[in-house]
Amino acid sequence: MEQNQRGEWARLRRPRSDWSAVRLLSSSSVIHQSGSVRVLLHVPCQLTVFCMMTTLDQTKELFRRADAVCFDVDSTVIKEEGIDELAKFCGVGDTVREMTRKAMGGSVTFKKALTDRLSTIRCSREQVNKLITDHPPQLTPGIRELVERLHELNIKVFLVSGGFRCIVEHVAAQLNIPLQHVYANRLKFYFNGEYAGFDETQPTAESGGKGKVISMLKEQHGFKTVVMIGDGATDLEACPPASAFIGFGGNVVRPQVKERCSWFVTSFGELLKELEKI
C-alpha cells in the first residue's frame, strides 16, 4: 500500500485495468480475495482504495445491456468546457482554463474548483444568455447518432454534468433528451442580474456528486445496469455506483482517467459499433 505526499491515495499492486477508485468516508477494512487467498486491509479515513473493476469485455457487455447511460457533457457530449467558454466571454479565459485543467485532473475538490472559478468569472445573467445565443455549445461528432441509437434500443439517456443547467438544457434539446433527465448546477443571480453564486445543494456541485445522482436514478427507476461515460475525474469516481465506466478522449485526453479505466474510447463511433452486436 502506498500514499502520495498528501496522503490521499492507497494503491494495491495490481495491473491498473483491474482496479477502480472508491472513496472511503470513515475508517474501514477491506477484504480482497484472489482464489483461496484473502487479505484484510485496515484503511484509514479519507484514503482511496483501488478495488476490483470490470474488465474490457465485461464493460462492453454491460454497455450493450445497460438500462441507462449517463453522459458527462463538457468535453464529452460537447467539444468545449462550458465554464471555460463563459470565462473567455467574460474576459478571464486564460486564468479559468488553468483552474479547469487542475479540476479535471482531480488535484482539487470539485466544489472548491467550481467556487473559485465562478468567483473569478462573476458572470451576469445577461452575459450567460448572450453566450448561449452567440456561441452555442458544439456537439461532439457522433453523439447525436449514438443517443438516437440508445433511444431506439429503449436505453434511457441522462446528462449528468458539473456544468451549468442553462447550457446543458440547450444541449439536451438538441439531442431530444427530456429535461427531467438533466442533472447539472444552477447559477444564481440577484434581482438586477448580477452574479449571486450557485446552488450548492445540487449533488453535482461537489466531488462524488455524479455517483449520488446515479444511486438516486437506480433507486427511483429500478435500473440494474447504469453506465457512466465521460472524460474527467468526477466521471471516473461515479463508478461505483455506476455498473461500469467508459473513458472518453475524443476532445481531450486526461491521463489519470485513461490509466484507470478498462475501456477508453476516442470517438462515439466505437460505442455505436459495439451496439451493433445487440
Side-chain angles (χ1 to χ4, degrees), residues 9-24 30-39 41 43 48-72 76-77 106 142-143 145-147 149-160 208 210-219 221-250 253-278:
W9 303 96
R11 182 184 295 276
L12 298 175
R13 294 187 179 276
R14 293 277 293 181
R16 68 187 182 192
S17 61
D18 289 340
W19 304 93
S20 64
V22 180
R23 183 165 296 281
L24 301 178
V30 175
I31 296 178
H32 169 64
Q33 181 165 344
S34 178
S36 60
V37 179
R38 304 182 76 198
V39 180
L41 304 175
V43 185
T48 299
V49 179
F50 289 79
C51 298
M52 291 299 291
M53 68 179 290
T54 56
T55 64
L56 174 60
D57 288 342
Q58 289 170 335
T59 301
K60 289 183 175 182
E61 181 182 357
L62 288 167
F63 176 62
R64 292 194 303 269
R65 60 180 179 86
D67 299 311
V69 174
C70 295
F71 288 93
D72 172 48
T76 300
V77 170
I143 186 60
E145 294 79 4
L146 177 57
V147 170
R149 182 56 180 151
L150 290 170
H151 283 159
E152 289 172 0
L153 294 169
N154 200 31
I155 298 173
K156 306 302 181 185
V157 177
F158 295 84
L159 300 181
V160 185
K210 293 180 180 180
K212 291 179 182 178
V213 170
I214 291 174
S215 292
M216 181 183 64
L217 293 176
K218 284 185 168 183
E219 182 177 350
H221 299 277
F223 297 144
K224 294 187 180 300
T225 304
V226 178
V227 175
M228 181 74 205
I229 300 174
D231 68 287
T234 60
D235 309 311
L236 175 65
E237 70 177 5
C239 179
S243 309
F245 169 73
I246 301 171
F248 183 76
V253 175
R254 320 267 185 205
Q256 300 94 330
V257 174
K258 184 177 181 180
E259 291 172 2
R260 295 177 190 168
C261 64
S262 56
W263 192 13
F264 187 84
V265 301
T266 55
S267 77
F268 288 123
E270 297 175 64
L271 301 183
L272 271 169
K273 184 176 180 180
E274 192 63 31
L275 293 177
E276 293 175 359
K277 299 179 182 179
I278 296 178

Measure up the F268 and F248 rings against each other and bin them: parallel (under 30°), tilted (30 to 60°), perpendicular (over 60°).
parallel
Do V213 and C70 come close enough that some side-chain heavy atom pair is under 4.5 Å?
no
Determine, stepwise, if the pair L271 / I246 fulfils side chain to side chain contact (heavy atoms under 4.5 Å, CB included).
CA-CA 10 Å; L271 301 183; I246 301 171; 4.1 Å; yes
Please identify which of these residues, W263, F71, F245, meets the side-chain contact (heavy atoms from CB on, under 4.5 Å) condition with I229.
F71
Counting N and O atoms only, with roles assigned by atom type, does the side chain of K218 sit under 3.5 Å from a partner on the main chain of P241, one being a donor and the other an acceptor?
yes
Please check if the number of heavy atoms outside K156 that lie under 6.0 Å from its NZ is greater than 12.
no
Where do E152 and R149 land on the salt bridge (Lys or Arg N to Asp or Glu O under 4.0 Å) test, with the steps shown first?
CA-CA 5 Å; E152 289 172 0; R149 182 56 180 151; 3.1 Å; yes
Euclidean distance, S267 OG relative to K273 NZ, rounded to 0.5 Å
10.0 Å
Pairwise distance NZ(K258) to CG(L236) - rounded to 0.5 angstrom
14.5 Å
Could you walk me through whether V226 and L217 pass the side chain to side chain contact (heavy atoms under 4.5 Å, CB included) test, one step at a time?
CA-CA 9 Å; V226 178; L217 293 176; 5.6 Å; no
Taking every non-hydrogen atom, the tightest pair across F264 and E270:
O-OE1, 4.5 Å
Search all heavy atoms of I214 against all heavy atoms of A238 and return the closest pair with its distance.
CD1-CB, 3.9 Å
From CE (M216) to NE2 (H221), nearest 0.5 Å
7.5 Å
Do the non-hydrogen side-chain atoms of L146 and L275 ever get within less than 4.5 Å of each other?
yes
Tell me the closest heavy-atom pair linking A244 and L62, and the distance in Å.
CB-CD1, 3.7 Å
Where is the tightest heavy-atom contact between V227 and A66, given as atom of each residue plus distance?
CG2-CB, 4.0 Å
4.5 Å side-chain heavy-atom contact, V77 and L159
yes
Between the side chains of E274 and R64, is the shortest nitrogen-to-carboxylate-oxygen separation below 4.0 Å, so that they form an ion pair?
yes
Counting N and O atoms only, with roles assigned by atom type, does the side chain of E259 sit under 3.5 Å from a partner on the main chain of Q256, one being a donor and the other an acceptor?
no
Taking all non-hydrogen atoms of both residues, which atom of S262 and which atom of T59 are closest, and how far apart?
OG-OG1, 2.9 Å
Can you tell whether the side chains of R254 and D231 come within less than 4.0 Å, N to carboxylate O?
yes
Taking every heavy atom of M228 against every heavy atom of V160, the minimum-distance pair comes out as CE-O, 4.3 Å
